[in-house]
Amino acid sequence: MSAPDLRTAIREALAEELERDAAVVLLGGCGEDPGGALGYLRERFGPERVLGAPSSGLALAGAAYGAAVAGLRPVFELASADLITLAMDGLVNRAAKFWHVSGGQGTVPLVARAAVGAGCRRGAIDSQSPCSWLQGVPGLKIAFPSSPAEARGLLKGAIRDDNPVVFLEHRRLRFARSAKGPVPEPDGEAIPLGGARVARAGRDLTIVSAGGSVSDALDAADLLAGDGVDAEVLDLRTLRPLDLEAVLESVARTNRLLAVEEGPRLGGWAAGLLGLVAERALHDLDDAWTLTMAELPIPYSPTLEDALLADAGSIVAGVRARLGLAPGVG
Amino acid sequence: MSAPDLRTAIREALAEELERDAAVVLLGGCGEDPGGALGYLRERFGPERVLGAPSSGLALAGAAYGAAVAGLRPVFELASADLITLAMDGLVNRAAKFWHVSGGQGTVPLVARAAVGAGCRRGAIDSQSPCSWLQGVPGLKIAFPSSPAEARGLLKGAIRDDNPVVFLEHRRLRFARSAKGPVPEPDGEAIPLGGARVARAGRDLTIVSAGGSVSDALDAADLLAGDGVDAEVLDLRTLRPLDLEAVLESVARTNRLLAVEEGPRLGGWAAGLLGLVAERALHDLDDAWTLTMAELPIPYSPTLEDALLADAGSIVAGVRARLGLAPGVG
Amino acid sequence: MPGLGAAQPEHATAGYLGAYGRMLLIRRFEAAMERLRALGEVQGPIHPYAGREAVAVGVCMALEPADYVSGHDHGHGHALAKGTDPEALAAELLGRETGVCGGRAGAASVIDLQNGLIGCHGTVGGSIAAAVGAGLAAGRRGRVAVAFFGGPSADLGYFHECMGIAAVRRLPVVLVCERDLHAERARGIAGADVAGRAAAHGMPSQVVDGDDLWAVRAAAAAAVARARSGEGPTLLECRARGLDEDSGGAGTMPRDPLAGARERLLADGVAADVLQELERGVEAELDRAVDRALAAPHPDPAGALATEFSPAR
Amino acid sequence: MPGLGAAQPEHATAGYLGAYGRMLLIRRFEAAMERLRALGEVQGPIHPYAGREAVAVGVCMALEPADYVSGHDHGHGHALAKGTDPEALAAELLGRETGVCGGRAGAASVIDLQNGLIGCHGTVGGSIAAAVGAGLAAGRRGRVAVAFFGGPSADLGYFHECMGIAAVRRLPVVLVCERDLHAERARGIAGADVAGRAAAHGMPSQVVDGDDLWAVRAAAAAAVARARSGEGPTLLECRARGLDEDSGGAGTMPRDPLAGARERLLADGVAADVLQELERGVEAELDRAVDRALAAPHPDPAGALATEFSPAR
Ligand SMILES: Cc1ncc(C[n+]2csc(CCOP(=O)(O)OP(=O)(O)O)c2C)c(N)n1
Ligand SMILES: Cc1ncc(C[n+]2csc(CCOP(=O)(O)OP(=O)(O)O)c2C)c(N)n1
Ligand SMILES: [Mg+2]
Ligand SMILES: [Mg+2]
């Protein structure tokens with residue numbers, strides 16, 4: 001079975017969950033429609049399961065929360081993750097709080113899908129990573145798949161999860177046909193949210209990443225192997241909950257930690273991860289650093305955008321510099 | 001001159017800036033009005049300088065951005081920091097981006113004021129710290145004063161700053177009449193944003209905090225002195241920009257770092273600060289940890305809310321445990 | 001709470017008698033909570049519902065128990081109107097483990113799913129989104145979803161965006177703008193036309209005398225019938241004049257909805273001693289509820305603060 | 001750009017001749033950028049403005065250079081109508097250092113403060129908030145602020161919340177809903193009544209033939225005069241039928257606003273050779289602008305990515 005592209009992966013996951021559970025409904029769909037799916041799914045499942053709605057993040061998130069409280073499992077789509085800014089009251093103040101505030105009376109099983117990520121010349125307001133806006137919200141899960149196959153399994157896991165989930169679909173994954181590294185779960189199965197994945201085993205250095213950057217880390221690991229550096233690559237899969245134990249276990253073996261994030265350093269998950277590891281296992285660490293973006297909005301100019309974004313090459317260069325290896329070795 | 005309470009401090013700062021610069025206007029004011037100020041100021045400066053507006057975070061933030069681009073210096077008020085969720089598009093996608101996206105054509109000198117903080121039995125949706133939602137947004141400053149006197153100086157600094165600023169007024173400061181620790185700036189002067197403040201000098205441990213928690217840290221430092229632990233207390237004042245150099249300088253002397261944050265650990269600024277320090281000065285650190293809240297919404301029940309919040313006592317207990325001191329010594 | 005029973009659609013005086021009891025319960029409950037607040041027993045804010053009782057109770061008379069309701073920050077009024085047990089609600093405001101939300105919510109955010117109360121919403125306008133969302137689910141089961149919200153909501157995005165969705169999808173939703181004209185005057189807001197704003201979304205609307213239980217129930221019954229038959233949403237603007245702060249509660253204001261309901265029942269032939277017995281019953285029930293709530297344990301932080309997430313399905 | 005001059009309020013044919021030139025410039029500019037996009041020179045998205053030129057140009061004819069305009073994601077149309085230099089705009093889309101925003105913005109977010117363009121807004125409805133905010137400043141200086149936005153904005157919170165603020169404060173604002181009925185049909189949206197929604201906020205509104213430069217200019221002039229004299233905001237719903245995808249640009253559709261303007265000018269007595277000379281001038285200016293933009297340097301990451309904040313005042 002050949003690995004799916006992102007659109008196919010998303011469409012299949014949605015179709016299978018709509019088929020499996022009559023409570024699942026799709027809302028919205030005026031955006032980039034990364035699954036390319038909504039027209040097809042509306043035809044197959046009808047307008048009561050696949051509902052058009054104005055592209056209004058405020059009301060969509062609020063209504064999805066109300067629908068979930070009342071027993072549906074809504075999946076709604078924001079045209080772009082930058083528009084999560086409009087959906088924050090529903091996600092943060094309502095969906096994330098309901099289970100606790102109600103004293104466990106009910107849950108809010110909604111999924112907010114959004115295209116995310118820089119590198120596509122979309123400019124400052126259509127390229128942002130929303131991870132830092134949301135990671136500090138208890139009660140809200142963030143899934144950030146690293147390949148089409150992962151997206152398929154994690155979307156199914158997100159829809160089956162009883163908690164609200166923001167599901168981020170990195171734009172650069174659209175060009176990826178196959179998952180890098182092993183995909184341990186058989187195709188078509190849901191991946192439960194919360195566990196990190198060892199995308200590549202190694203002994204010298206742990207590179208932690210998520211979403212579109214994981215394949216850069218894997219490429220970098222291949223290049224570093226030529227330098228004699230055996231890098232382990234961890235794919236976090238979800239940023240909340242965060243599988244800190246998996247990172248600690250890896251760092252206990254490698255003693256070096258690099259976190260690669262597509263986003264600014266200050267306030268980002270990568271620096272936070274270093275802090276959590278330092279707090280728990282300071283003396284396991286020989287070195288720890290991050291590779292992130294500069295503290296700047298993402299510029300439209302291709303020259304500037306490329307300069308701002310990390311890739312496999314900059315990961316390799318960073319590791320070489322940090323380990324004191326001669327540049328260009330290997 | 002006696003130190004002001006928070007309401008007086010805010011009202012005076014607003015009045016002085018309205019007086020000083022005709023471009024300053026106040027928008028909104030349907031909220032808790034921590035300055036208790038808007039009625040008085042409207043009478044003094046007239047309805048063209050102190051404008052009522054519906055309590056709509058979406059339009060207020062968007063309109064403040066437009067007004068700032070067109071030459072005003074708007075200060076608007078959200079009833080509560082939890083409602084920053086409604087103002088995110090204007091703050092994050094517009095105000096924070098304008099200077100860079102315009103190629104430096106203009107700036108967005110707005111200030112968004114909001115009451116923030118737990119401990120007042122306001123429940124999960126009226127007690128949150130918004131720091132983690134905003135700290136990862138390049139171009140947006142976050143000021144978080146630690147006392148009424150600091151609030152006065154920092155609000156004046158925020159209004160004079162050419163960049164957009166979120167200004168957080170901690171509810172517990174309302175009960176504080178005086179600033180703890182030295183206030184180096186003479187009363188009435190603006191404090192420029194960006195520099196941390198040594199609230200208490202010490203040699204054994206650096207406690208970093210911001211907002212309402214700084215006075216807890218100072219109380220804890222007094223108690224720890226009885227144990228023979230000489231703690232330095234750093235008041236960050238702003239969470240973006242973050243004065244990392246001040247933290248590094250302190251940690252280079254004390255070799256121990258504790259960051260105290262009123263908010264969850266995952267995604268919070270405290271863990272991120274540890275990470276930034278680990279990245280730059282891992283080998284200066286003998287120990288580093290955070291004191292934050294559990295990963296939970298803030299419960300209404302006073303019993304549960306008190307259990308969730310740190311105070312001077314829990315800071316002391318944490319330090320004693322971490323340093324291996326017998327509990328109750330001193 | 002026998003004798004108070006959740007408000008039910010009924011056309012005899014009997015239904016209104018129970019409804020009057022529930023209005024009285026809301027009024028007395030609030031006063032009791034304010035007293036406990038002055039004593040430091042209730043520590044959180046309480047947004048008063050006195051003067052609006054006819055709105056929540058009149059609307060809930062037109063509903064079935066399984067119908068959904070979302071409230072705004074005056075949550076205790078909506079909860080009691082929809083049938084929440086006063087003891088569980090008092091315990092909630094007291095922050096006790098036996099509270100309807102285990103003491104986690106407080107007054108402004110009460111949730112009581114068993115009685116169809118999907119939540120109360122401090123964010124102005126948030127209740128509208130919740131009910132419109134619940135309307136998506138309600139239609140499948142022949143249920144109706146009702147949002148209560150204040151006059152200030154009509155200026156905000158939630159109101160308009162959600163009216164648009166409800167109208168386009170013909171959702172079984174009733175939007176109840178419960179205007180406290182007294183509170184609005186105190187805030188310096190001019191009396192805007194709320195009902196008229198529904199026209200922008202092609203939604204029918206009606207201005208209702210929010211001080212008159214009978215008028216509210218009649219308007220709500222028509223809107224609920226419309227919703228349940230699949231014809232779509234309705235906006236009701238219920239104008240309550242609010243209690244004058246000086247009036248000191250029930251009975252002293254000519255427009256006090258509680259006093260008005262009592263007079264109407266007397267005029268309709270209900271005997272004074274029947275009313276008095278009902279009133280004594282409400283007082284006794286309430287006293288018992290408050291006493292029990294005060295005796296209930298505080299939540300134990302150890303267990304309560306254990307898990308962030310609901311266990312995966 | 002001599003010969004094209006920013007659209008100015010003028011009542012002679014001469015004003016419309018210049019305006020026609022600017023409409024043509026928008027149409028040709030967009031076609032040139034699409035060609036460069038096919039070649040990979042312009043890498044970002046371009047939201048087409050073809051078929052709406054009469055709206056931006058007709059409205060900007062009624063404005064002074066110092067008046068404020070905010071646009072939506074079809075930014076190049078609004079920029080050129082307000083007077084942005086085509087060379088600086090082409091360089092912007094090409095991501096060059098000489099771009100009007102130094103290559104930082106791209107087409108959807110163009111800002112040109114010197115020409116009063118306070119920004120273009122990808123967030124549907126965002127342009128409305130920007131103009132209403134600018135209206136707060138504009139009033140002090142006798143200026144007017146105009147928002148352009150698409151039909152889908154009328155369903156969203158920004159539209160209603162901002163109309164409320166503009167109406168209550170009588171701001172000198174003109175809200176121009178520029179509906180592309182062709183695009184809406186393609187998206188499966190039924191033609192809603194946008195102008196009617198202003199009534200909910202007590203704001204006057206008008207449906208305007210957005211394909212007719214003269215009609216747009218007349219409606220805009222009245223709304224701008226009303227705003228400037230302190231009477232408050234107006235909503236204009238300009239309905240453009242949009243170009244049929246098959247029509248292949250100017251001249252082939254009876255309702256093409258560009259062809260319509262040309263015919264009207266001929267009918268009003270402008271000589272054909274005057275028009276042809278104008279058209280050749282536009283083409284020549286555009287070619288020169290594009291050539292220069294293509295020759296401009298890319299920004300240098302070293303300098304461009306230096307500071308996060310504007311230096312404190
Ligand atoms: C979106 C939002 N803005 C502002 C506030 C602050 N606030 C709390 S109550 C209130 C006004 C009263 O609103 P509401 O209770 O809906 O109206 P009422 O029925 O009391 O007239 C405001 C502005 C809020 N809770 N939510
Ligand atoms: C708030 C928001 N929701 C969704 C989107 C995604 N989106 C981009 S264009 C578009 C539809 C067209 O809107 P607009 O350009 O305003 O209308 P047009 O003039 O093209 O008809 C949508 C829904 C967005 N940019 N902002
Ligand atoms: Mg209220
Ligand atoms: Mg468009």
Side-chain angles (χ1 to χ4, degrees), chain B residues 21-23 25 27-28 47-48 51-74 76 86 89-90 93-94 96-110 138-141 157 159-164 190 192-194 240-241, chain D residues 68 70 92 97 99-106 109-114 116-123 125-141 143 145 147 156-166 168-169 171 299 304-305 307-313:
Chain B
D21 184 348
V25 296
L27 292 179
E48 297 303 313
L51 296 80
S55 57
S56 121
L58 184 72
L60 268 185
Y65 140 75
V69 168
L72 298 180
R73 302 183 85 82
F76 72 97
L86 292 167
D89 180 56
N93 287 339
R94 296 294 149 195
K97 304 289 188 281
F98 191 86
W99 190 61
H100 264 271
V101 167
S102 73
Q105 290 177 63
T107 62
V108 181
L110 65 78
L140 187 64
K141 297 190 178 183
I159 293 172
R160 296 183 198 187
D161 198 294
D162 268 351
N163 302 280
L193 306 189
R240 176 176 284 271
Chain D
Y68 299 114
S70 69
E92 185 59 37
E97 183 63 30
V100 59
C101 300
R104 274 67 161 178
S109 301
V110 188
I111 297 160
D112 182 8
L113 286 188
Q114 267 204 307
L117 182 71
I118 57 173
C120 294
H121 298 77
T123 307
S127 61
I128 306 172
V132 166
L136 289 167
R140 294 186 172 197
R141 310 179 187 159
R143 296 185 190 172
L156 301 200
Y158 270 131
F159 178 65
H160 290 280
E161 292 196 4
C162 293
M163 276 207 289
I165 293 177
V168 165
R169 300 210 59 85
L171 295 180
L305 303 177
T307 51
E308 176 180 359
F309 291 108
S310 161
R313 197 165 76 149

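In the text below, chain A, chain B and the rest are named by the order of the sequence lines, each starting its count at 1. Quick caveat: nothing in here was measured; it's all calculated off a predicted structure.
With contacts defined as side-chain heavy-atom distances shorter than 4.5 Å, the pair B/V69/D/Y68 does not qualify. Proximity of B/L27 to D/L136: side-chain heavy atoms (C-beta onward) are separated by under 4.5 Å at one or more points. Taking 4.5 Å as the limit, some side-chain heavy atom of D/L113 sits within range of a side-chain heavy atom of D/I118.
Interface remark: B/V25 contributes side-chain atoms only to the contact with chain D (heavy atom separation under 4.5 Å). Heavy atoms closer than 4.5 Å to chain B are found in both the backbone and the side chain of D/F309. Of the atoms belonging to B/L140, it is backbone heavy atoms, and not side-chain ones, that fall under 4.5 Å from chain D. Interface remark: D/H160 contributes no atoms to any contact with chain B (heavy atom separation under 4.5 Å). Looking at B/D89, both its backbone and its side chain come within 4.5 Å of chain D, counting heavy atoms on both sides. Residue D/R141 touches chain B through its side chain alone, counting heavy-atom pairs closer than 4.5 Å. In this structure, the portions of B/S102 lying under 4.5 Å from any heavy atom of chain D include both its backbone and its side chain.
Of the possible donor and acceptor atoms, none in the side chain of B/R240 sits under 3.5 Å from a partner among the backbone N and O of B/G139. Although no hydrogens or angles enter the test, the distance criterion places a donor-acceptor pair under 3.5 Å between the side chain of D/E92 and the main chain of D/R104. B/Q105 places a side-chain N or O within donor-acceptor distance of the main-chain N or O of D/I111, the cut-off being under 3.5 Å.
Chain D forms the most heavy-atom pairs under 4.5 Å with one residue out of B/S56, B/P47, B/P109, and that residue is B/S56. Of the listed residues (D/V100, D/V168, D/I128, D/V110), the one with the most heavy-atom contacts under 4.5 Å to chain B is D/V100. Ranked by heavy-atom pairs shorter than 4.5 Å toward chain B, the options D/G119, D/A137, D/G126, D/A138 are led by D/A137.
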Next on the checklist: Is there a salt bridge (charged side-chain N to carboxylate O under 4.0 Å, His left out) between B/D161 and B/R73? Walk through the geometry before answering.
Outcome noted: CA-CA 9 Å; B/D161 198 294; B/R73 302 183 85 82; over 6 Å; no
